[in-house]
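Note that the coordinates shown come from a computational prediction; the quantities given were computed from them, not determined experimentally. So you know, we letter chains A, B, ... as the sequences are listed, proteins then strands, and number each from 1. Atoms considered below: every heavy atom in the structure, side chains included; atoms not considered: hydrogens, waters and symmetry mates.
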There are 2 protein chains.
Amino acid sequence: MRIAELSRASGVPVPTIKYYLREGLLPPGEFSSPNQARYDEGHVRRLKLVRALVEVGRVPIGGIKELLAELDQPEPNVHRAIGCALEPGLRREPEEDNPEIAAAKADLDQLIERRGWNVDDCSPAYQQIAEVMVTLRRLGTADLLDGLEGYAQVADKIAEIDLGLVARHRNDPGHVVFEAVIGTIIGDSLLQGLRRLAQENLSAKVFQANAVSS
Amino acid sequence: MRIAELSRASGVPVPTIKYYLREGLLPPGEFSSPNQARYDEGHVRRLKLVRALVEVGRVPIGGIKELLAELDQPEPNVHRAIGCALEPGLRREPEEDNPEIAAAKADLDQLIERRGWNVDDCSPAYQQIAEVMVTLRRLGTADLLDGLEGYAQVADKIAEIDLGLVARHRNDPGHVVFEAVIGTIIGDSLLQGLRRLAQENLSAKVFQANAVSS
DNA sequence: CGATAGTAGATAGTGACGCTATCTAATTGG
DNA sequence: CCAATTAGATAGCGTCACTATCTACTATCG
């Protein structure tokens, strides 16, 4: 198909497709002559993926580029790919020597120890959690960290669901990686929404109960 | 304190403080003369909150302004305040007539029914979930929605922890609202990180098991 | 009292980001 | 053959979150 049809099929304007081609988010089409290219279903899928990551995942273009590069490896590393979505949001300078960060990491290490987690302490998620812990302390709401253990327990449950979902495609490794990336990055948005609905529901119940009992 | 000291105490540069004053994110100081103002601890706290929402919560300035306006009401509505952080990220035009959206909302309504949730179907969270469902279908990964029930169940657990944490301050309603907002918006980032660590840990286990058994 | 430093408020500028528009030369496809 | 389309290059745009500069005034210290 030509670029106009690719645009129609994906819902992405032609100039934007050209931009993604320039940025390396979309592989070039197959050239029949120096200024004529053909695109296929793979390009349509890739475009839809890019749009989902941009619009729902709020992943910056640079992160998407790295993520897709990982996905295009012969043996892609799922966690490295997913990490590309989180990393751009972290502090530019890790300010490693900061004692606040160090203290938070020490606490986080204890949590990891308690849960028996086997994780890489260089992963962007590890950094992100440490940053959140520092932020909560600075805000004077360190008492919210009392929920950490519970949240971690719930995180394990979520991960179980996540793994269960993608494991159904274990005969197709490429699809497993694809769904893992989608399920995690797009799934964040889903979980965020569900958490708010659950809060809304539960807090209504609690406040009603309070009103009745008072 | 004068603006320079406010800057030192909060870690926010003076021009940025002036910008926040202009944008109404920070209430004006107390004027002793037409061009001299004094700031207090409340300003320091407010600035720290704004920075946390900007840096960790990734909430756009406009959303923070609305959120703070709600927080400054005599009887702030927690969910409306939290919604201010989610809303700016949604589609500008709800394209209400779109059948894809309608179908997703129908599915979501069923989920809400099954869980017995009492929630407002105008809340940004409801819209967001519907958008995610549409996105997953467009990507051809609608099978990931099989996890919806499980995720919703987990969301209930998270909400329980959330409510439990803030309920400890129920004698101080202002603080409850403050912690609820922080705990939800900043907590999203925490949960996102924990989910990734849990995934990393569990997938390592699963793959190792697979390697042994194969 | 005066010199210096600090301040409010107005206005304009900056850099990153994610596109969007325009142009040229070449190529389809009826 | 010729109107429509294309690739690729370059430049422009709108938003966002600041950042810089300037003016007229004020605080404060010696």
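In terms of modelled atom types and a separation under 3.5 Å, the side chain of Arg58(A) and the main chain of Gly89(B) share a donor-acceptor contact. Side-chain atoms of Glu87(A) never come within 3.5 Å of backbone atoms of Gly63(A) as a donor-acceptor pair (strictly under, hydrogens ignored). The backbone N or O of Leu165(A) lies less than 3.5 Å from a partner atom in the side chain of Arg168(A), making a donor-acceptor pair.
The closest side-chain donor-acceptor pair between His79(A) and Ser123(A), if any, does not fall under 3.5 angstrom.
For Glu23(B) and dT15(D), the CD to P distance is 14 Å, given to the nearest whole Å. Here the P atom of nucleotide dG6(C) and the OH atom of Tyr39(B) are 16 Å apart, to the nearest Å. Look at CD on Glu5(B): it is 17 Å from P on dA27(D), rounded to the nearest Å. Going from atom CE of Met1(A) over to atom P of dT6(D) covers 12 Å, rounded to whole Å. In this structure, Lys18(A) places its NZ atom 14 Å from P of dC23(C), rounding to the nearest Å. Rounded to whole Å, atom P of dT7(C) lies 10 Å from atom CD1 of Ile17(B). What separates CG of Leu21(B) from C1' of dG9(C) is a distance of 10 Å, to the nearest Å. Taking atom CD of residue Glu30(A) and atom P of nucleotide dA7(D), one finds them 13 Å apart after rounding to whole Å.
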With a 3.5 Å cut-off and sequence neighbours excluded, list the donor-acceptor pairs that the side chains of residues 24-41 of chain A form with protein atoms.
| residue | atom | partner | partner atom | Å |
| --- | --- | --- | --- | --- |
| Asp40(A) | OD1 | Gly42(A) | N | 3.0 |
| Asp40(A) | OD1 | His43(A) | N | 3.2 |
| Asp40(A) | OD1 | His43(A) | ND1 | 2.9 |

Under-3.5 Å N/O pairs linking protein and nucleotides 15-19 of chain C:
| residue | atom | partner | partner atom | Å |
| --- | --- | --- | --- | --- |
| dG18(C) | OP2 | Ile61(A) | N | 3.3 |
| dC19(C) | OP1 | Arg51(A) | NH1 | 3.3 |
| dC19(C) | OP2 | Tyr20(A) | OH | 3.0 |

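Along DNA chain C, the nucleotide nearest Val14(B) and the nucleotide nearest Ser32(A) are compared for position; the residue whose nucleotide lies closer to the 5' end is Val14(B). Two residues, Phe31(B) and Asn35(A), neighbour DNA chain C, and the one matched to the more 5' nucleotide by heavy-atom proximity is Phe31(B).
Helix-axis bend for the helix from dC1(C)-dG30(D) to dG30(C)-dC1(D): the local axis fitted to the five terminal pairs at one end deviates from that at the other end by 0°, rounded to 10°.
Residue Arg2(B) has a polar side-chain atom (N or O) positioned under 4.0 Å from OP1 or OP2 of dT7(C).
Note that CG of Leu49(B) and CD1 of Ile64(B) are 8.0 Å apart. Values are rounded to the nearest 0.5 Å. Atom CD1 of Ile129(B) is separated from atom CG of Leu148(B) by 7.5 Å, given to the nearest 0.5 angstrom.
No side-chain heavy atom of Leu202(A) sits less than 4.5 Å from a side-chain heavy atom of Asp156(B).
In the set dA20(D), dA7(D), dA21(C), the nucleotide with an atom closest to the side chain of Pro15(B) is dA20(D). Checked against dG8(D), dT6(D), dT27(C), the side chain of Ala4(A) finds its nearest nucleotide in dT6(D).
For the salt bridge (charged side-chain N to carboxylate O under 4.0 Å, His left out) test with Glu100(A), the passing option among Arg138(A), Lys105(A), Arg137(A) is Arg138(A); the others fail.
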